[in-house]
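Worksheet for the structure shown next.
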Protein chains: 2
Amino acid sequence: MLRVRLKQSLADRGYRLTRQRAAILEVLAGTREHLTAEEVHRRVRFLCPELNLTTVYRNLNLMARQKIIGRVDFGDGRARFEARSDHHHHLFCLGCGRVIEIPACPVSIDEVFVRQHSFRITEHQFEAYGYCADCDRPGSEGAPV
Amino acid sequence: MLRVRLKQSLADRGYRLTRQRAAILEVLAGTREHLTAEEVHRRVRFLCPELNLTTVYRNLNLMARQKIIGRVDFGDGRARFEARSDHHHHLFCLGCGRVIEIPACPVSIDEVFVRQHSFRITEHQFEAYGYCADCDRPGSEGAPV
DNA sequence: ATTTAGATGCAAATGATTTGCATATATACC
DNA sequence: GGTATATATGCAAATCATTTGCATCTAAAT
């Protein structure tokens, strides 16, 4: 089960499985949404009412750094977190914030070019923005990618 | 000439060409670097010593919004600006911050998938991270994209 | 030269995120 | 199970990039 695996990964790396960490993972594992620290905090208060926002930040960072969970940046100034930690990308609706996960990585960089510059790529980030069916109304101009 | 064209675009859109705006464009047009607001401010003080950082922000935002200049986000918590405003992408060196511009857009999203979700993509962002020749020393692990 | 909408400077506010430090508590060990 | 101790947590205060309010200034239209 997802939440068991997530909690196990903490123990595996020598981190304590505290009540607050369990609650945070519980929240993330229980949704497919991509939550900000604030949102995690709000939802976690149900399971663990005294949990401090600072602790939420500290643990989301820890877990993202350990690649136990994933962190995404949709360019709106706050990080979002999700239970998935494998390499993938998203469509982000500028209208409602809805997120659709893209199954395959659509990026293929010209290897010759990269080699010419002797650059070693270790990671990349890609996110696409636009409007989902519900938010797409005439009036918001836009050229497809 | 680049700087003339940039300044003209301000006038074309009904914005005043102030001393400070001219200085900001002068700085951006004079380099291929991708500068933070702070960096622009520091360099602009040569041409226009009383120029306020707030004004730098206001104008960089205005010009980026008007697509007169480009804004890039390398995920380190501060925006960078460049004279180029056309669609392109970068390799960002995590060691020294050096930026290499990628000539062709390496992204091609599965159109069938997007259509299935009735999503209309209006823009996307992509940046690749890694180490340039100068910064690449054994010890920093990394899997190619 | 005059007018005035638009621009600037300064100080103070924001908002997300981080840090310092005293206190609390998982887990290793007996 | 009880105890020790390295780790976590909570709270308040600090950061850092960026934005905003407002009084003053100025580019550019007349």
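Reminder, nothing fancy here: chain letters follow the sequence lines and each chain counts from 1.
The nearest heavy atom of DNA chain D to A/L62 and to B/N61 marks one nucleotide each, and the one closer to the 5' end goes with A/L62. When each of B/N52 and A/L17 is assigned the nucleotide of DNA chain C with its nearest heavy atom, B/N52 is the one assigned upstream, toward the 5' end. The nearest heavy atom of DNA chain D to B/Y15 and to B/E38 marks one nucleotide each, and the one closer to the 5' end goes with B/E38.
Heavy atoms of B/T54 sit under 4.0 angstrom from at least one base atom. When heavy atoms are screened at a 4.0 angstrom cut-off, B/Q20 is found touching the sugar-phosphate backbone but no base atom.
For residues 64-79 of chain A, proximity to DNA chain D is found at no residue, defined as any non-hydrogen atom under 4.0 angstrom from a strand atom. Of the residues in residues 21-36 of chain A, those with a non-hydrogen atom less than 4.0 angstrom from any atom of DNA chain D are A/R21.
For the pair A/R21 (side chain) and A/N59 (backbone), a donor-acceptor distance under 3.5 Å is absent. Panel note: side chain B/E127, backbone B/H90; a donor-acceptor pair is recorded below 3.5 Å.
B/H34 and B/E39 share no donor-acceptor pair across their side chains, judged by distance under 3.5 Å alone.
Phosphate proximity of D/dT9 to A/N59: present, with a side-chain N or O under 4.0 Å from OP1 or OP2.
Remark: B/E111 pairs with no residue by the side-chain hydrogen bond (donor to acceptor under 3.5 Å, both in side chains) rule, at least two apart or across chains. With sequence neighbours excluded, the residues satisfying salt bridge (charged side-chain N to carboxylate O under 4.0 Å, His left out) with B/E26 are B/R3, B/K7. Contacts of B/D73 classified as side-chain hydrogen bond (donor to acceptor under 3.5 Å, both in side chains), with partners at least two apart in sequence or in another chain: none. For B/N61, the side-chain hydrogen bond (donor to acceptor under 3.5 Å, both in side chains) partners at least two apart in sequence or on another chain are B/R71. Every residue was checked against the side-chain hydrogen bond (donor to acceptor under 3.5 Å, both in side chains) condition with B/R98, not counting sequence neighbours, and none meets it. Applying the salt bridge (charged side-chain N to carboxylate O under 4.0 Å, His left out) rule to A/R19 yields the partners A/E50; only residues at least two apart in sequence or on another chain are considered.
Other members of the cluster containing B/Y57 are B/L2, B/L6, B/L10, B/Y15, B/L17, B/I24, B/L25, B/V27, B/L28, B/L35, B/V40, B/V44, B/L47, B/L51, B/L53, B/V56, B/L60, B/L62, B/M63, B/I68, B/I69, B/F81, with ILVMFWY side chains joined at under 4.5 Å, either directly or via other members.
Think of the region where chain B sits on DNA chain C: with heavy atoms and a 4.0 Å cut, that region ends 5' and 3' at C/dA5 to C/dA11.
Closest approach of B/R84 and B/D86 over heavy atoms only: NH2-OD2, 2.7 Å. Summarising the geometry of A/I121 relative to B/A128, their closest heavy-atom pair is CD1-CB, 4.1 Å, with the distance given to 0.1 Å. Across A/C132 and A/C93, no two heavy atoms sit closer than the pair N-SG, 3.4 Å.
Regarding B/L60, its CG atom lies at a distance of 14 Å from the C1' atom of D/dT19, rounded to whole Å. In this entry the distance linking CD of B/E39 with C1' of D/dT18 reads 16 Å, nearest Å.
Ring-centre distance between A/H124 and B/H89: not below the 6.0 Å cut-off.
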Hey, what are the protein-to-nucleotides 22-26 of chain D N/O distances that come in under 3.5 Å?
from   : atom 1 : to    : atom 2 : distance (Å)
D/dT26 : O2     : B/R16 : NH1    : 3.2

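In this pair, B/F126 and A/F126 present their aromatic rings tilted. The plane angle is within the 30 to 60° band. Between B/F74 and B/Y129, the ring planes lie perpendicular to each other; the angle is over 60°, past the 30° to 60° tilted range.
Computed from C1' positions of five pairs at each end, the angle between the two local axes of the helix from C/dA1-D/dT30 to C/dC30-D/dG1 equals 40°, rounded to 10 degrees.
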